[in-house]
Each structure stands twice: as structure tokens, then as C-alpha cells.
Protein chains: 2
Amino acid sequence: MVLSRTSQYAIQALIYIATQPAGEPVLNRDIAERLNVPSAYLAKILQNLCKQGLLDSFRGRLGGFCLREGMHKTSLMQALALTEGPDFTKSCILGLKECSDETACPMHFKWLPVKKKIIALLEDMTLEDLAKAVQTGKYRLSDLPSGVMA
Amino acid sequence: MVLSRTSQYAIQALIYIATQPAGEPVLNRDIAERLNVPSAYLAKILQNLCKQGLLDSFRGRLGGFCLREGMHKTSLMQALALTEGPDFTKSCILGLKECSDETACPMHFKWLPVKKKIIALLEDMTLEDLAKAVQTGKYRLSDLPSGVMA
DNA sequence: ACTCCTCAAGACATTTGTGTCCGATTATAG
DNA sequence: CTATAATCGGACACAAATGTCTTGAGGAGT
């Protein structure tokens with residue numbers, strides 16, 4: 001309804017990485033297994049996040065993916081800007097190229113406040129926050145009934 | 001960000017038809033031209049809406065598409081249920097198959113009130129309302145800079 | 001009856017999103 | 001230093017959504 005599958009995988013993976021000890025690379029394979037998503041596909045998503053500067057990757061033995069220094073504070077909004085493209089919030093709900101206060105579609109003024117709520121929410125939540133929530137054990141990241149382990 | 005292109009076309013077309021005099025069939029070609037969308041593709045979308053009972057279609061001369069009797073009061077929610085599938089609001093924002101109050105993803109309780117706002121909005125707006133808004137001339141249905149004519 | 005105009009239906013093409021494979025790169029072991 | 005095992009990286013393959021085309025069916029006017 002709102003996010004592409006690619007973005008969903010990306011967010012899930014980022015949260016999972018954020019739950020792991022910082023500085024210790026996490027294997028793509030482990031993430032994929034834990035989240036129950038196709039590992040080769042996930043690898044590509046993570047690669048992209050590396051290019052964009054959110055993650056660091058290390059090849060060879062003891063390799064894997066880490067959140068880059070300081071990126072624990074990254075908001076969902078920032079992360080989604082990387083996976084969905086920078087202006088995924090700009091769009092008109094009816095698909096008009098240009099839909100502003102001056103040239104508005106009939107939904108515009110009703111939709112605007114709701115959209116702002118969505119954006120505010122996404123900007124408010126950070127990977128760190130979500131990781132902590134998961135670590136309490138009250139929330140799940142995958143469909144599997146297994147708990148969250150370090 | 002929220003709706004598929006198919007749904008966007010469908011909504012646009014429905015609103016446009018609702019602005020036209022009831023009982024007088026509207027040509028697919030005219031709608032496509034007015035909204036600036038591919039006519040063959042739009043035809044399929046309208047065809048589908050006919051099968052689902054929202055529209056009536058008439059072949060031959062003086063043919064075209066009409067809103068079925070009483071369907072001016074249709075809400076966007078109802079229309080979208082036809083194009084996106086009946087449970088397009090049920091989905092978890094992170095893509096989990098099961099995400100309820102009991103088995104929640106870390107976004108669940110933050111996302112829920114926003115989702116409710118979206119649903120309430122979509123249920124509140126009817127084709128009739130939107131058509132009237134367009135008829136005031138203050139709002140546009142397409143990207144073209146042309147006004148709204150009967 | 002004939003003709004023109006419309007939608008109906010299916011096959012086909014293109015684009016985008018999703019998923020897979022194999023080679024390049026790196027760290028450790030010997 | 002070389003071999004080897006483990007990992008990422010980028011090219012490749014598949015699927016679904018989007019968009020196009022052609023042919024046929026049905027209805028209105030002449």
C-alpha cells in the first residue's frame with residue numbers, strides 16, 4: 001500500500017543490523033535467513049545502501065555489512081529516500097506531475113495533512129529506536145515465530 | 001507512493017465521468033484525451049470497472065461509459081477496493097504477513113493511527129464530491145493547462 | 001440490409017520490479 | 001608466498017505491471 005518490497009526488505013535489514021553489536025560485520029546470509037527473504041536479492045539492496053553511504057561492506061573472511069559510523073540515528077525517511085528515490089513524498093496521490101497549492105487536484109487539500117503526518121512519522125523514527133523496540137522482544141521483524149537473539 | 005498507476009487512472013476517469021451529465025454515455029476516447037492517458041489501457045480499466053458493477057457500458061453509436069445508477073455516492077475506498085483488491089489496506093507497512101496488535105512489527109503502533117486517517121479520508125470522499133470540486137474550476141484532473149468543460 | 005461507430009477480448013510489446021548466478025576481492029592457514 | 005575459503009559486486013534471468021495492437025461483437029442511423 002505504501003512501500004515497495006525492496007524498501008520493506010531494506011528497512012527490515014537495517015533495523016536488524018542496528019540490533020547487532022556495532023563494528024561487527026553482519027553476514028548477508030544471516031540477515032536473509034533471519035528475515036526470511038531471498039539472500040541474493042537482499043545482497044543487491046544492501047550493496048545499493050553501501051553506495052549511498054548508509055552501510056559499510058567488508059569482503060573476504062570476517063566480512064559482511066555494518067551501519068556506517070553515526071548512521072544509527074538515520075530516520076526512516078532518509079533511508080527511504082535512498083531506496084525509493086529522493087522525491088517519493090512529492091507525488092500527487094492522483095499521479096499528476098504538478099500538484100501544488102496553486103494547481104491542485106481535487107484531493108490535494110484533503111490529502112496534504114495526512115501526507116504530512118506520514119512524513120512526520122517517518123522522519124521521527126530512527127533505526128536506533130526501532131532496533132531498541134525489537135530488542136525488548138515485544139516486536140517482530142519477520143514472519144517466523146522465533147525470538148530475537150544477539 | 002500510495003496508489004498504483006492503474007488505480008490513479010481509474011479514479012481520474014471515474015471523477016471525470018461523474019462531472020458529465022448523468023445518463024449520457026462518455027466515450028473512452030474522450031476520457032483518455034481529456035486526462036492524457038493511453039486510451040487502450042484506459043479501456044481495459046473501464047472494462048474491469050464495468051464487470052465489477054461500478055460502470056455501465058453501451059456499444060455502438062451513442063455508446064460509451066456511464067456511472068451505474070446510484071454509484072455517484074461511491075467512496076474512493078470502495079472504488080480502490082475494486083482496482084487494488086479488497087484488502088489493500090490490511091497490509092503491514094514492513095510487509096509482514098501477520099502484523100496485529102498481538103504480533104506487531106516495530107512500526108505497528110505508530111503506523112496504525114496514520115493508516116486509520118488514510119482510510120477515513122478515502123471512505124469520506126465520494127465521486128460526487130470530487131466531481132463537484134472539479135466543476136468549480138478550482139481543481140484540475142489532468143496535467144494539461146486546459147479548463148474543465150462540459 | 002448496410003454502414004458506421006462503439007465497446008469486448010485476447011495476443012503482443014515494453015518497462016519496471018524482483019530474484020539468481022558466477023566471477024572478483026579479501027583474509028586466514030599452511 | 002600460495003592456496004583456499006568466504007565474502008561482496010555486477011551481469012544476467014525471470015515475473016508482473018504497464019501499454020499497444022488487432023480482430024470481433026453489438027447497437028444506431030440511414
Side-chain angles (χ1 to χ4, degrees), chain A residues 1-13 17 20 23-33 35-68 80 82-85 88 91 94-95 97, chain B residues 1-13 17 20 23-68 80 82-85 88 91 94-95:
Chain A
M1 176 180 180
V2 171
L3 300 180
S4 68
R5 200 180 232 87
T6 297
S7 291
Q8 292 175 340
Y9 289 168
I11 300 290
Q12 288 179 28
I17 294 174
Q20 300 306 108
E24 290 183 18
V26 188
L27 294 193
N28 171 65
R29 190 199 326 140
D30 289 346
I31 305 172
E33 195 173 314
L35 302 179
N36 203 26
V37 306
S39 75
Y41 186 36
L42 179 63
K44 206 198 291 198
I45 297 171
L46 296 179
Q47 279 171 32
N48 177 44
L49 292 175
C50 284
K51 275 193 201 152
Q52 310 244 25
L54 231 189
L55 294 177
D56 281 321
S57 68
F58 305 95
R59 293 189 180 185
R61 284 197 172 192
L62 302 187
F65 296 91
C66 283
L67 270 177
R68 187 168 284 190
L80 289 173
L82 302 183
T83 58
E84 296 275 328
F88 84 108
S91 58
L94 287 189
K97 308 245 189 320
Chain B
M1 176 179 180
V2 171
L3 300 181
S4 69
R5 195 169 238 105
T6 296
S7 291
Q8 291 175 339
Y9 290 166
I11 300 291
Q12 289 178 28
I17 293 174
Q20 300 306 107
E24 290 184 19
V26 188
L27 295 193
N28 171 65
R29 189 199 326 140
D30 289 346
I31 306 173
E33 196 173 315
R34 175 68 183 73
L35 302 179
N36 202 29
V37 305
S39 76
Y41 189 36
L42 179 64
K44 272 198 195 168
I45 296 172
L46 296 180
Q47 213 168 305
N48 177 44
L49 291 175
C50 284
K51 276 190 199 153
Q52 310 243 26
L54 233 187
L55 294 177
D56 280 321
S57 67
F58 304 94
R59 296 187 181 188
R61 281 200 173 189
L62 304 185
F65 295 91
C66 283
L67 270 178
R68 187 168 285 190
L80 289 173
L82 301 183
T83 58
E84 296 275 327
F88 84 107
S91 57
L94 287 188

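Chain naming here is simple, since letters A, B, ... match the order of the sequence lines and numbering starts at 1 in each. What you see is a predicted model, and the numbers here were worked out from it, not measured in a lab.
- Nearest to the side-chain atoms of L27(A) among the listed nucleotides dC5(C), dC7(C), dT7(D) stands dT7(D).
- Comparing dT20(C), dT18(D), dA8(C) by their closest approach to the side chain of Y41(A) singles out dT20(C).
- Between atom CG of residue L82(B) and atom CD1 of residue I45(B) there is a gap of 13.0 Å, rounded to the nearest 0.5 Å.
- Each of dG19(D), dT7(D), dG29(D) was ranked by its minimum atom distance to the side chain of R29(A); first place goes to dT7(D).
- No engagement by L46(A) is indicated, since no non-hydrogen atom pair under 4.0 Å with the nucleic acid exists.
- No side-chain N or O of E33(A) forms a donor-acceptor pair with one of S39(A) less than 3.5 Å apart.
- Distances from the side chain of R59(A) to the nucleotides dG19(C), dG9(D), dG19(D) place dG9(D) closest.
- Residue side chain K44(B) does not reach the base of dT18(D) through any donor-acceptor N/O pair under 3.5 Å, judged by distance alone.
- Between Q47(B) and the phosphate of dA9(C), there is a side-chain N or O to OP1/OP2 separation shorter than 4.0 Å.
- Nearer to the 5' terminus of DNA chain D, by closest-nucleotide assignment, is the contact made by L42(B) (compared with the other of L62(B) and L42(B)).
- Residue A40(B) is in base contact, counting any heavy-atom pair closer than 4.0 Å across all strands shown.
- The nucleotide whose nearest atom lies closest to any side-chain atom of F65(A) is, among dT18(C), dC8(D), dG19(D), dC8(D).
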